[in-house]
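Heads up: the structure comes next, in structure tokens.
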Amino acid sequence: MSVSTAAVTLEIAQSLGLTAEEFDRIHEIMGRAPNFTELSIFSVMWSEHCSYKNSITLLKTLPRKGDHLLVEAGEENAGLVDIGDGLACAFKIESHNHPSAIEPYQGAATGVGGIHRDIFTMGARPIAALNSLRFGNPKTAHMRRLIEGVVAGIGDYGNCFGVPTVGGEVYFDDCYNQNILVNAMSVGIVKVGDTVSASADGPGNPVFIVGSATGKDGIHGATFASAELTEDSADDLPAVQVGDPFQEKLLLEASLEAIQTGAIVGMQDMGAAGITCSTSEMSAKSGTGMLINLDEVPTRQANMEPFEILLSESQERMLIVCEKGREADLLAVFDKWDLECCLIGEVTDTGFIEFTSKGETVAKVPADDLVLGGGAPIYKRTSKRPAYMDQIEAFDPAAIDVPSNLAATARDLLNVPTIASKKWITTQYDSMVRTNTLGTNAPSDAAISRIKGTDRAIVSTADCNSSYVFADPYKGAMIAVSEAARNIVCSGGTPSAVTNCLNFGNPYNEEVYYQFENAIKGMGAACEALGTPVTGGNVSFYNQSEIDGETVPVFPTPTIGMVGLLNDLDKKMTLDFKNEGDVIYLLGEVTDNIDSSIYLRKLRGVAYSPAPYFEMDKELKLQADVLSLIDQGLLQSAHDVSEGGLFVSLFESCKPNDLGVQLDISSSVRDDAFWFGEGQSRVVVSVSADQVAAFEAAVSVPVLRLGEVQGSDFIVNGASWGSISDMDTQYETALPNAIGR
């Protein structure tokens, strides 16, 4: 059999996203000219989405070792941390931005499906889903369509698949008006030792494709994700995958049952780049190869070309390497679940992935030269400080007058979509399926998922304030990591490890690369300080749009997914005020700072200001104090101060039980900074009156007594800012009103 040597040109290579230098390098690797199918293989595997060619050098600087890690970053499909009792937590976050911007329902739905497959491919059962969403102006018809489609896609897929959506975040900013961000996170549990590796050991072992048939949806999806969105991007709709959550549910149960047979040598989800990616990565990891007969791949359309089969990203599919002689065991399981399980090839010792069709070899490529860590290109881009930072440094808070009516300003904050209730969104998600989720009636700062059979729980969150990262990439990324950890701590958990989804503009833009480079440094510094190693994640570049003829990157958005462990369910902490007469305190330093706050940006119209106050050593002391106070049983509630400042945190603690506050405030900082500033490392807590003395004796960080839980109004120094119920009505209706629901 001979490999086709049909000539391909530089122009064809460039149309597939390859550079002239990369085209030359492919000739060197092959020792000849590639044919079109082989060139297509290189184009998807060397795309930004698969190869991380512009980011891997910096990603390797992140801390990757920790006491609880069972695998290091990049070793498997997802991170894996020890949670005791012979159990481990598998977790990961990834983006599905461009597909969601073009076809929001399927783009978001398949993002959810894909991240869950990464978890159960390892042998873990998903128990929780989270998401981080970024939208533009919700009042425009275009954005309303995107919001409604994304939310429906996430809800429908997760609800049908049977995994609760337990947490996340939603931000709105004009920089996302065309290029929205949809980041999906999955958390699962597995017995230590029951995991499966994405490897292809054992030449002669048979290779199976299982699950759905392969169609023409998602072809060149990885390339699509590695390019900018333009006015013509809608023409790339075939690059968007189509999901089937019911099929995925069958695939989940069948895969976990098949693992228990012991017949599986290795297994990998077919995500980006489909069969091409799974065959090459599994082979490269084991130093083996594969011989695959594409005629045996079940297809949904007749007469699919070899390159279409290889590049399709049709969903709900797995590649499995089975132990030779155990084929019947594997087939029996998938037959039971009424899923196709087709023998398509075998593992070889050649180091090549070779594909045949109709008796001819249509492509033969060295596996290691395709993948990250092998022969895929690696670049270190140049960077320069963004010009807009001059405007940030020029910001003078003295030029901003303090509002004369603080109560009216506070009420205005509740109308800002980023602050307002997301209940219209979250009620479309099933948060209680499988009955692991705790705290739906009494919310915590992070999601809490019971580990059945134990008295412990996994605590998870997804966090990033991208306006902080825009203002100062280093400090902003540190804040993102620290806030994620703070949310876990305020829920009673101890942070364990991080996964990340790094959403940035074009890496060839030097100012964008400056943002990326410094965000990585800030993330690494915070993870080192907090002892939360990075287990892996996703880089999503090229998130930008053509706006009024100008290419505008989105805010740099390094979303942090973090998991922690709550060792005693009795120590679970919630954010709601519980009883009248409880005393309210603010832990942490009050700073005269309105920088990058929602108040400054959305109510005062200031787009350029520094990142808010933050000191890592003070953050560490605060988190240690909060955990100690919870452990001693001295707190009734704990809620971190974040978007909207102290006022919003207090209101959110009042809201669940419709309890008011009587606050006696005297502060040396400007009033808007005190109430609406977003200086970091602060937590609002409430304490029973009979525990005040013990509490005050136990606190080591700065503490300010604010007042008491009383009545049903928000009262400051004797004056009512309004009733909690009226504020709640405004808070709950602001987002539906903005999107016309």
Side-chain angles (χ1 to χ4, degrees), residues 83 87 89-91 93 108-109 111-113 115-117 119-120 124-133 150-170 183-190 243 245-246 248-250 252-253 256 421-463 487-488 490-493 561-566 568-576 578 637 639 652 655-658 728 732 735-736:
I83 56 175
L87 299 174
C89 172
F91 68 109
I93 189 169
V112 172
I115 197 65
H116 283 319
R117 284 197 303 280
I119 299 303
F120 72 76
R125 178 176 291 278
I127 64 165
L130 300 91
N131 52 70
S132 175
L133 310 177
V150 165
V151 172
I154 291 171
D156 288 356
Y157 201 101
N159 298 352
C160 295
F161 182 53
V163 173
T165 302
V166 299
E169 57 179 5
V170 186
N183 296 174
M185 179 175 171
S186 179
V187 179
I189 293 179
V190 61
F246 299 106
E248 177 131 329
K249 173 63 174 174
L250 296 176
L252 160 68
E253 300 300 340
L256 296 183
S421 169
K422 309 306 184 299
K423 187 176 180 179
W424 174 82
I425 293 174
T426 58
T427 52
Q428 297 185 52
Y429 306 151
D430 188 337
S431 62
M432 287 302 296
V433 62
R434 301 192 67 84
T435 67
N436 291 312
T437 311
L438 303 177
T440 54
N441 294 322
S444 299
D445 275 4
I448 302 176
S449 303
R450 178 192 294 109
I451 305 171
K452 289 184 176 178
T454 77
D455 59 356
R456 295 175 297 113
I458 292 171
V459 190
S460 55
T461 187
D463 290 286
N487 284 330
I488 287 175
C490 286
S491 305
M562 185 180 287
V563 297
L565 191 62
L566 176 62
D568 184 350
L569 288 175
D570 290 337
K571 299 292 177 66
K572 174 177 74 75
M573 183 53 57
T574 59
L575 62 83
D576 55 313
K578 308 292 191 304
S637 68
H639 185 25
E652 289 175 344
K655 169 183 159 50
N657 298 315
D658 196 23
D728 190 22
E732 292 292 351
L735 182 57

Measure the shortest side-chain to side-chain distance between [X] and [Y] over non-hydrogen atoms and say whether it is less than 4.5 angstrom.
| X | Y | answer |
| --- | --- | --- |
| Ser637 | Lys578 | yes |
| Ile93 | Ile115 | no |
| Ile451 | Ile189 | yes |
| Leu438 | Leu569 | yes |
| Tyr429 | Asn131 | yes |
| Val563 | Met185 | yes |
| Leu252 | Val163 | no |

To the nearest 0.5 Å, what is the distance between [atom1] ([X]) and [atom2] ([Y])?
| X | Y | atom1 | atom2 | answer |
| --- | --- | --- | --- | --- |
| Leu575 | His639 | CG | NE2 | 5.0 Å |
| Asn183 | Leu133 | CG | CG | 8.0 Å |
| Thr165 | Ile154 | OG1 | CD1 | 7.5 Å |
| Met562 | Phe91 | CE | CZ | 9.0 Å |

Counting only N and O atoms by type, is there a donor-acceptor contact under 3.5 Å from the side chain of [X] to the main-chain atoms of [Y]?
| X | Y | answer |
| --- | --- | --- |
| Ser444 | Met573 | yes |
| Ser491 | Ala446 | yes |
| Asp430 | Asn159 | no |
| Asp463 | Glu169 | no |
| Lys452 | Arg450 | no |

Looking at every non-hydrogen atom in both residues, tell me the closest pair between [X] and [Y] and how far apart they are.
| X | Y | value |
| --- | --- | --- |
| Ala124 | Gly188 | CB-C, 4.2 Å |
| Pro126 | Phe120 | CD-CB, 4.1 Å |
| Ile448 | Ala457 | CG2-CB, 3.6 Å |
| Trp424 | Pro736 | CB-CG, 4.0 Å |
| Ala128 | Val166 | CB-CG2, 3.8 Å |
| Ile127 | Ile458 | CD1-CD1, 4.2 Å |

Requested in this report: With side-chain contact (heavy atoms from CB on, under 4.5 Å) as the test, would you mind laying out the steps for Cys89 and Val187 before giving the verdict?
Outcome: CA-CA 7 Å; Cys89 172; Val187 179; 3.5 Å; yes

Requested in this report: Report the C-alpha separation of Thr461 and Asp445 in whole Å, then their side-chain angles, then the decisive distance to 0.1 Å, and conclude whether the side-chain contact (heavy atoms from CB on, under 4.5 Å) test is met.
Outcome: CA-CA 8 Å; Thr461 187; Asp445 275 4; over 6 Å; no

Query raised in the report: Are side-chain N/O atoms of Glu248 and His116 paired as donor and acceptor at under 3.5 Å?
Result: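 No, because no side-chain N or O of Glu248 sits under 3.5 Å from a partner of the opposite role on His116.
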
